[in-house]
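So the structure is just underneath, and the comments pick up after that.
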Amino acid sequence: MEYNFRELEKKWQQQWKEDGVYKVPNQSGKPKFYVLDMFPYPSGAGLHVGHPLGYIASDIFARYKRLKGFNVLHPMGYDAFGLPAEQYAIEHGVHPAVSTAKNIATFRDQLDKIGFCYDWSREVNTSDPAYYKWTQWIFLQLFNSWYNRRSNRTEPIEGLVALFEKEGNAAHPVPNAQYLIPAHAGQVFSAADWSAFPESTKQGILMEYRVAYCGYGEVNWCEALGTVLANDEVVNGVSERGGYPVVKKKLRQWYLRITEYADRLLQGLETVDFSEAMKEMQSNWIGKSTGAEIRFEVRDASSSIVVYTTRPDTIFGVDFMVLAPEHELVAKITTADQKEAVNEYIGYVKSRSERERMAEKKISGAFTGAYALNPFNGKPIPVWISEYVLAGYGTGAIMAVPSGDERDHKFASHFNLPITNILGDAYNGSEANPTKDAVLSNSGFLDGMVMRDAIDVVIGKLEEMGIGKRKVNYKMRDAAFSRQRYWGEPFPVKWVNGVAYALPESELPLQLPYVESYRPGPEGEGPLANIPEWTARELETNTMPGYAGSSWYFLRYMDPRNETTFCDRQWSDYWQQVDLYVGGTEHAVGHLLYSRMWTKALYDLGLISFDEPFKKLLNQGMIQGSSRFVYRVRGTNQYVSAGLKEGYETDAIHVDVNIVDGFELDMEAFKTWKPDFADASFILEEGRYLCGAEVEKMSKSKFNTVNPDHIVDRYGADTFRMYEMFLGPVEMSKPWDTKGIEGVHRFLKKLWRLFFDEQKGKLVKDEAAKPEELKVLHRTIKKIEEDTERFSYNTAVSAFMVCVNELTDLKTHKRDVLEPLVILLAPYAPHIAEELWHQLGHTTTVLDAPFPAFDPQYLVETAKEYPVSINGKLRTQILIDLSASPEQVQALVMENAVVQKWMEGKPLKKFIFVKGKMVNVVV
RNA sequence: GCCCUGGUGGUGAAAUUGGUAGACACGCAGGACUUAAAAUCCUGUUUGCAGCAAUGCAAGUAUCGGUUCAAGUCCGAUCCGGGGCACCA
């Protein structure tokens with residue numbers, strides 16, 4: 001009987017499905033464990049070999065935990081709303097629902113071939129009305145809530161209304177001025193005022209407090225895509241998808257008030273197990289800084305300028321001030337003779353696109369003619385405007401300290417402004433020094449003080465004088481939550497006389513209507529604005545962004561078919577947080593931040609019992625493609641081999657990696673690949689055409705994708721799974737390369753031969769195992785357990801190989817050894833393990849077997865001797881690696897052959913335990 | 001520019017708290033079985049030197065220096081790659 005993986009894998013995949021072995025009950029006597037993959041966007045291109053890397057890693061862990069006696073939730077679904085399906089619809093006239101359904105079927109088919117243990121009865125699809133009903137419902141919870149800074153919690157809006165009726169809003173000022181309904185910006189009102197306001201004013205005010213709110217703001221508008229993009233969807237001034245230009249535009253938009261959660265999102269990072277890099281990306285994005293707001297009076301004008309600074313200690317070094325060109329005071333304070341220069345400069349700034357501004361950072365600016373006054377010594381400070389000061393951060397105005405800030409220094413040098421040195425020797429006259437440790441000079445009452453200590457002194461003084469206060473700022477902005485698109489969740493919102501009202505819960509889901517055209521509506525509105533029945537009902541025409549459905553999907557898996565609530569509290573209490581979340585780093589500041597915020601809001605509202613969604617995050621690396629190139633001699637249809645291309649003027653052209661063997665091009669396949677190449681001719685080296693190579697992101701357009709189906713077909717799913725793990729650490733990115741796959745495949749065949757012989761048939765015997773065989777087994781148990789726990793799957797695969805090699809050498813065919821080995825292997829190579837398990841006479845799935853127990857007594861001989869110098873005398877140290885209780889260890893050490901030999905005639909000098917796992921014996 | 005990572009044979013990579021490098025696999029070379037091929041198995045494979053040989057000696061984890069009985073691992077400086085952020089005051 002030989003290892004027929006094709007037959008065997010097909011058989012078990014079908015059997016598992018029939019028996020429902022991966023169906024997970026919502027309750028059991030076992031402890032729970034939740035393993036989750038970031039669900040895929042079902043693109044038309046299907047899976048390539050890079051996608052399953054994380055899925056295999058999580059699948060191994062899910063199976064392992066099940067063997068360890070956990071009730072494991074391991075679901076899968078689809079993030080099915082989004083731009084690409086709609087772009088595809090525009091270009092090909094296929095309805096997104098149709099292409100999405102087709103893509104999902106392809107994905108499912110490909111996933112099934114790899115043998116994952118997903119509980120498909122829990123599958124979710126964000127574009128399914130039964131799912132987005134609850135996305136809409138959660139949106140309404142956010143819409144009907146406000147963030148109470150006093151209790152630091154999300155609370156129902158009714159409570160706020162009650163507060164307004166009782167005491168007005170003096171105790172609860174408008175949370176931020178980023179995106180406002182302009183008519184009501186920042187008003188303070190009394191209880192009496194409130195009751196006198198007309199309904200529309202009341203609603204306008206409430207909108208300023210809602211967690212999900214609608215306002216006008218500068219948004220990232222992408223003309224080519226016809227929609228607004230979130231900050232994390234814009235990269236270097238162009239759209240992340242498609243690379244189209246993005247401009248700032250003022251539009252009515254929905255937002256999520258994520259800024260109110262900034263501090264909690266930051267603090268929460270300390271309670272979760274994410275990589276340092278991931279935590280840092282998130283905290284950079286949040287961008288918390290502590291400093292002060294300081295008001296400066298303007299000379300000869302009845303205005304004052306409020307600046308934000310993290311360095312109030314440098315206030316005596318302020319040589320000029322800079323406002324953002326868009327700052328509202330610019331027009332007011334500019335003197336008559338500077339008007340022309342200032343207007344010209346503002347015109348210049350407006351003419352520059354976001355892109356240009358980022359690409360070339362020129363020093364530019366204009367003097368307003370106005371002077372502010374230093375509150376401590378009355379010194380006049382010239383006020384400038386410049387694009388290096390951003391309107392959207394802090395107060396849009398800064399106090400410039402050239403001796404301490406590099407940008408201010410460059411600005412001062414460029415415009416020949418005088419520089420005050422407050423740093424003494426720490427300032428060299430040509431370069432700013434941003435230190436906090438210098439001793440202040442030229443600084444009035446601060447002279448002689450260390451800068452770091454002066455910060456609090458200055459803030460105290462400013463507060464005393466009533467012209468400044470301590471202030472915390474965040475770089476993070478409220479998240480844009482609407483898109484002018486069709487293929488997304490409709491907002492359950494109705495507009496009546498310019499006021500947004502929530503749709504009653506009974507009308508959910510608000511279904512996405514069927515359309516023929518996906519053209520944008522008038523004036524930046526979405527395609528839904530083109531549907532008369534929709535606009536007649538006064539419904540919101542925007543749709544929600546891609547991250548809406550993905551912000552809470554991990555909860556839906558717990559209770560996927562519930563029609564009365566998004567997830568029964570009983571089941572979210574049972575499953576709790578995701579214990580292991582596996583996915584790429586690309587969602588660091590998008591999805592991961594949004595879902596953390598939603599979780600906190602739902603927690604505050606008492607809908608779930610935990611406020612961080614993901615306990616541990618494992619970032620898998622990317623599998624890159626290894627692209628191949630042919631070199632076309634310019635102006636011809638002749639192709640020159642890579643080694644000879646220096647002699648010609650050539651263009652490199654991507655060629656499909658599937659028609660290249662290593663580097664050698666299959667020239668006949670090339671000619672039939674595309675019509676353009678049918679009459680290609682070649683310049684060969686040593687009779688062969690060799691391609692050039694480069695490692696790039698795996699992508700259809702680079703012709704470097706490899707379909708996992710082909711690998712599975714040729715070597716089987718078990719080989720494919722183990723090989724992807726064998727390539728290297730899961731977290732590491734690496735180019736795809738099949739050159740080692742034979743070795744993994746050979747391992748499985750060798751394993752098979754421990755059980756079966758082509759002539760002799762079944763080899764397994766029920767004899768008792770010998771100590772050396774058990775030693776091999778227990779060393780493997782220990783290694784596999786440790787490696788699996790720390791996701792070191794590549795070394796685990798190696799450990800299996802070592803084990804099988806050794807058992808083969810020992811000619812071991814004993815059940816006592818082979819049966820535990822099969823269990824160990826079940827997470828990694830589930831099909832062959834299941835087959836062998838049944839061949840050993842079992843009738844239930846191997847996953848219900850208990851994980852083999854490790855017994856340290858078989859490993860005690862692994863002692864090593866080292867010379868060690870103690871108090872100047874050379875002694876010998878014996879190091880024994882084992883894991884057992886200290887008492888056991890002591891007993892084992894005394895029995896150890898090496899120790900006994902050393903003890904002949906002479907007593908132990910010292911006997912030390914080191915760090916629990918290793919034992920030092922000094923003789 | 002700032003922050004985070006990493007640098008080990010011909011190749012992918014091991015070495016878990018410092019324990020005496022290169023596990024495992026690929027590739028390559030030689031051999032066995034076979035009429036032959038496939039499959040399978042065995043031997044060798046960091047470098048240099050010595051030896052018919054088993055083997056021995058020396059050097060070696062980007063570079064230089066340090067701590068230690070012992071350093072790929074810890075510390076300091078430099079060089080090179082990968083990722084993130086980038087006028088955030």
Side-chain angles (χ1 to χ4, degrees), chain A residues 2 236 275-285 287-289 291-292 307-312 314 321-322 324 357-358 361-363 386-390 392-401 404-408 410-411 434 473-477 585-586 588-589 619 621-622 624 695 722-723 726-729 731-735 737-747 749-750 753 758 782-783 786-787 789-790 792 794-805 808 864-879 881 883 914-918 920:
Chain A
E2 63 164 355
N236 289 329
S275 71
E276 284 309 309
M278 176 60 63
K279 287 184 183 181
E280 201 177 290
M281 271 190 246
Q282 292 209 358
S283 59
N284 277 349
W285 185 261
K288 181 177 181 169
S289 77
V307 302
Y308 172 72
T309 178
T310 54
R311 298 298 302 277
T314 60
M321 291 183 86
V322 187
R357 219 177 62 81
M358 300 232 243
K361 284 169 195 162
K362 281 196 282 189
I363 299 171
S386 172
E387 62 175 347
Y388 88 90
V389 173
L390 306 174
Y393 182 76
T395 60
I398 63 155
M399 56 179 226
V401 183
D405 184 285
E406 202 188 320
R407 296 154 301 178
D408 297 345
K410 282 188 179 143
F411 193 85
N473 262 324
Y474 299 94
K475 283 192 223 173
M476 186 167 65
R477 296 292 118 91
T585 47
E586 66 273 18
V589 292
N619 294 118
M622 220 192 327
Q624 294 138 320
V695 172
M722 290 195 96
Y723 181 61
F726 186 68
L727 274 174
E731 302 91 333
M732 200 187 277
S733 289
K734 52 235 155 189
D737 191 339
T738 51
K739 74 182 181 197
I741 200 164
E742 294 282 356
V744 176
H745 192 61
R746 236 171 259 159
F747 153 75
K749 286 195 279 191
K750 200 164 177 179
R753 287 198 301 272
E758 272 183 55
K782 181 167 181 256
K783 182 90 176 124
E786 283 173 4
D787 286 351
E789 289 281 354
R790 66 190 173 107
S792 179
N794 55 329
T795 53
V797 174
S798 295
F800 279 121
M801 291 177 176
V802 173
C803 177
V804 166
N805 286 345
T808 304
K864 289 180 187 175
E865 297 157 46
Y866 305 104
V868 58
S869 159
I870 293 174
N871 297 332
K873 289 187 179 174
L874 205 63
R875 304 204 179 281
T876 300
Q877 180 189 47
I878 299 171
L879 203 67
D881 174 20
S883 45
V914 185
K915 294 165 199 165
K917 275 195 176 179
M918 298 275 209
N920 275 340

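When reading the values below, keep in mind they use all heavy atoms of this one structure, side chains included, and skip hydrogens, waters and symmetry mates. Below, read A as the first sequence line, B as the second, and so on, with proteins coming before strands; counting in each chain starts at 1.
Contact annotation for A:L727: backbone-only contact, meaning every heavy-atom pair under 4.0 Å involves sugar-phosphate atoms and none involves a base. Across all strands shown, A:S733 has no heavy atoms under 4.0 Å from either base or sugar-phosphate atoms. In this structure, A:M732 reaches the sugar-phosphate backbone alone: every heavy-atom distance under 4.0 Å involves primed, P, OP1 or OP2 atoms, never a base. A:F726 comes within contact range of at least one nucleobase, with a heavy-atom separation under 4.0 Å. Residue contacts for A:N794: at a heavy-atom cut-off of 4.0 Å it reaches the sugar-phosphate backbone alone, with no base atom in range. Among the protein residues, A:K734 comes within range of no part of the nucleic acid, since none of its heavy atoms lies under 4.0 Å from any strand. Using a 4.0 Å heavy-atom distance criterion, A:V797 is classed as making no nucleic acid contact.
The nucleotide whose nearest atom lies closest to any side-chain atom of A:E280 is, among B:A15, B:C3, B:A13, B:C3. When distances are taken from the side chain of A:T795 to each of B:U40, B:A25, B:A15, the shortest belongs to B:A15. Listed nucleotides: B:C41, B:A89, B:C26. Nearest to the side chain of A:R746: B:C26. Side-chain atoms of A:M801 lie closest to B:A25 of the nucleotides B:A25, B:A13, B:A89. In the set B:U16, B:U40, B:A89, B:U40 carries the atom at the smallest distance from any side-chain atom of A:K749. With B:C24, B:A39, B:A15 as the candidates, the nucleotide lying closest to the side chain of A:S798 is B:C24. Checking B:C4, B:C87, B:C24 against the side-chain heavy atoms of A:A277 singles out B:C4 as nearest. In the set B:A25, B:U16, B:A89, the nucleotide with an atom closest to the side chain of A:R790 is B:U16.
For the side chain to side chain donor-acceptor pair (under 3.5 Å) test, no residue two or more places apart in sequence or in another chain qualifies with A:N473. With sequence neighbours left out, the salt bridge (charged side-chain N to carboxylate O under 4.0 Å, His left out) criterion links A:D405 to A:R407.
The same atom, C1', is picked in B:A25 and in B:G81; the two are 25 Å apart, to the nearest Å. Rounded to the nearest Å, the gap between the P atom of B:A15 and that of B:A70 is 25 Å. The separation of B:A89 from B:G83, taken at their C1' atoms, amounts to 27 Å, rounded to a whole angstrom. Taking atom P in both B:C80 and B:U63, the straight-line distance is 15 Å, to the nearest Å. The C1' atoms of B:A23 and B:G72 are separated by 15 Å, rounded to the nearest whole Å. Only the C1' atoms considered, B:C75 is 31 Å distant from B:A86, to the nearest whole Å. B:G18 sits 15 Å from B:G66 when the C1' atoms are compared, rounded to a whole Å. One C1' atom belongs to B:A59, the other to B:G9, and the distance between them is 15 Å to the nearest Å.
Looking at heavy atoms from C-beta onward, A:R477 lies in side-chain contact with A:Y393 at the 4.5 angstrom threshold. Looking only at side-chain heavy atoms (C-beta outward), A:L727 and A:M732 stay at 4.5 Å or farther from each other.
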Please determine whether side chain to side chain donor-acceptor pair (under 3.5 Å) holds for the pair A:D787 and A:T795, giving the CA-CA distance in whole Å, both sets of side-chain angles, and the decisive distance to 0.1 Å. CA-CA 7 Å; A:D787 286 351; A:T795 53; 3.0 Å; yes

Which is it for A:K475 and A:N284 under the side chain to side chain donor-acceptor pair (under 3.5 Å) test, yes or no, and what are the steps along the way? CA-CA 8 Å; A:K475 283 192 223 173; A:N284 277 349; 5.9 Å; no

Does the pair A:T585 and A:M622 meet the rule for a side chain to side chain contact (heavy atoms under 4.5 Å, CB included), with working shown? CA-CA 9 Å; A:T585 47; A:M622 220 192 327; over 6 Å; no

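Distance CD1 (A:I741) to P (B:C26): 12 Å, rounded to an integer number of Å. If you measure from atom CG of A:D737 to atom P of B:G27, you get 11 Å, rounded to the nearest angstrom. Note: OH (A:Y723) to P (B:C26) measures 11 Å, nearest angstrom. In this structure, A:W285 atom CH2 and B:C3 atom P are separated by 21 Å, rounded to whole Å. In this entry the distance linking CD of A:Q282 with P of B:G83 reads 20 Å, nearest Å. In this structure, CE of A:M281 is placed 10 Å from C1' of B:U5, rounded to the nearest angstrom. The interatomic distance linking A:E731 (CD) with B:C4 (P) rounds to 19 Å, in whole Å. Nucleotide B:U40 holds its P atom 10 Å from the NZ atom of A:K750, rounded to whole Å.
Of the possible polar contacts, one joining the A:R311 side chain to the A:P434 backbone as a donor-acceptor pair under 3.5 Å is found. Put simply, the side chain of A:S275 gets close to the backbone of A:M278: a donor and an acceptor are under 3.5 Å apart.
Because its glycosidic torsion is more than 90° from 0, B:G82 is reported here as anti.
Under 4.0 angstrom from either OP1 or OP2 of B:A89 there lies at least one side-chain N or O belonging to A:Y393. Residue A:K739 places no side-chain N or O under 4.0 Å from the OP1 or OP2 atom of B:G12.
For the pair A:K783 and A:V802, both in contact range of RNA chain B, the more 5′-proximal nearest nucleotide belongs to A:K783. Where A:E406 and A:G394 each meet RNA chain B at their nearest nucleotide, the meeting point lying more 5' is that of A:E406.
Consecutive Watson-Crick or G-U pairing (both distances under 3.5 Å) extending over three or more pairs maps onto RNA chain B as B:1-7 with B:79-85, B:10-12 with B:24-26, B:27-32 with B:40-45, B:46-50 with B:55-59, B:62-66 with B:74-78.
At a threshold of 4.0 Å, the pair A:R790-A:E786 does not count as salt-bridged, since none of the basic side-chain nitrogens sits closer than that to a carboxylate oxygen.
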